[in-house]
Trainee: 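Sending over a structure as structure tokens; questions will come in a sec.
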Amino acid sequence: MVNYDHYTYRVTWSREDQEFVGLCAEFPSLSYLHENRSTALEGITNLVKDVVADMEANNERIPEPIAEKNYSGKFQVRIPPELHRRLAIEAAEENVSLNRYVSLKLAYYYS
């Protein structure tokens, strides 16, 4: 049984709708609009709870919460050769490996 509280929720402002929109990363097709931020979060959480219960009742495959997945710390990404070259040069200039350099760039971007 999946715990719907473990899913990845966020609330953002929708300029188009002029309301807050509650979203769930594991269920990208679902959203919940409300003028109040807290109510939007509560709304998307309850909507996901209902959808998960319905999926369980119908023996459907339920998405695993991102928070409960294990990650190895490795992923492969394809980039244009010129970008690869540029990053390799920058890494060499910093006297670090390309892997370390890209990891530092990503960490800086997401901090």
Trainee: Please answer: with hydrophobic residues joined when any side-chain heavy atoms are less than 4.5 Å apart, are L30 and L23 in the same cluster?
Mentor: no
Trainee: Counting only heavy atoms not in Y71, do more than 12 sit closer than 6.0 Å to its OH atom?
Mentor: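 Enclosed: over 12 neighbouring heavy atoms sit under 6.0 Å from OH of Y71.
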Trainee: To the nearest 0.5 Å, what is the distance between NE2 on H6 and CD on E64?
Mentor: 12.0 Å
Trainee: Rounded to the nearest 0.5 Å, how far does CZ of R37 lie from CZ of F20?
Mentor: 4.5 Å
Trainee: My understanding is that only residues two or more places apart in sequence, or in another chain, count here; which of them pass side chain to side chain contact (heavy atoms under 4.5 Å, CB included) with T45?
Mentor: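 In terms of side chain to side chain contact (heavy atoms under 4.5 Å, CB included), with neighbours along the sequence ignored, T45 is linked to Y4, D5, Y9, L41.
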Trainee: Looking only at non-hydrogen atoms, find the nearest pair between F27 and M55 and report the distance.
Mentor: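 That would be CE2-SD, 3.8 Å.
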Trainee: In Å, rounded to the nearest 0.5 Å, how long is the span from CG of L33 to OG1 of T39?
Mentor: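 Result: 12.0 Å between the selected atoms.
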Trainee: Give, for atom CG of N3 and atom CD of E68, the distance between the pair rounded to the nearest 0.5 Å.
Mentor: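 Reported value, rounded in 0.5 Å steps: 7.0 Å.
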Trainee: Quick one: are C24 and R10 in side-chain contact, heavy atoms under 4.5 Å?
Mentor: no
Trainee: Would you say L106 and S103 make side-chain contact, with heavy atoms under 4.5 Å?
Mentor: no
Trainee: Going by distance alone, is a donor N or O of one side chain under 3.5 Å from an acceptor N or O of the other, for D54 and N58?
Mentor: yes
Trainee: Are Y109 and L104 grouped together when hydrophobic residues (ILVMFWY) are joined by side-chain heavy atoms under 4.5 angstrom apart?
Mentor: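 No.
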Trainee: Only distances under 3.5 Å count here; give the side-chain donor-acceptor pairs of residues 88-101 to other protein atoms, sequence neighbours excluded, each with its distance to 0.1 Å.
Mentor:
unit_1: E90; atom_1: OE1; unit_2: Y101; atom_2: OH; d: 2.6
unit_1: S97; atom_1: OG; unit_2: R100; atom_2: N; d: 3.0

Trainee: Check whether F75 and I66 end up in the same hydrophobic cluster, where Ile, Leu, Val, Met, Phe, Trp and Tyr are linked by side-chain heavy atoms less than 4.5 Å apart.
Mentor: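 Looking at the clustering, I66 is in a separate group from F75.
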Trainee: Let me confirm one number: the CG-CD1 distance from L87 to I79, rounded to the nearest 0.5 Å.
Mentor: 5.0 Å
Trainee: Could I get the full list of ring-ring contact (aromatic ring centres under 6.0 Å, His included) partners for Y32, not counting sequence neighbours?
Mentor: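 Expected list: none.
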Trainee: Heavy atoms only: give me the nearest S14-V21 pair and the separation to one decimal.
Mentor: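 It is CB-CG1, 4.3 Å.
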Trainee: About how many Å separate CD of E35 and CG of D17, when rounded to the nearest 0.5 Å?
Mentor: 13.0 Å
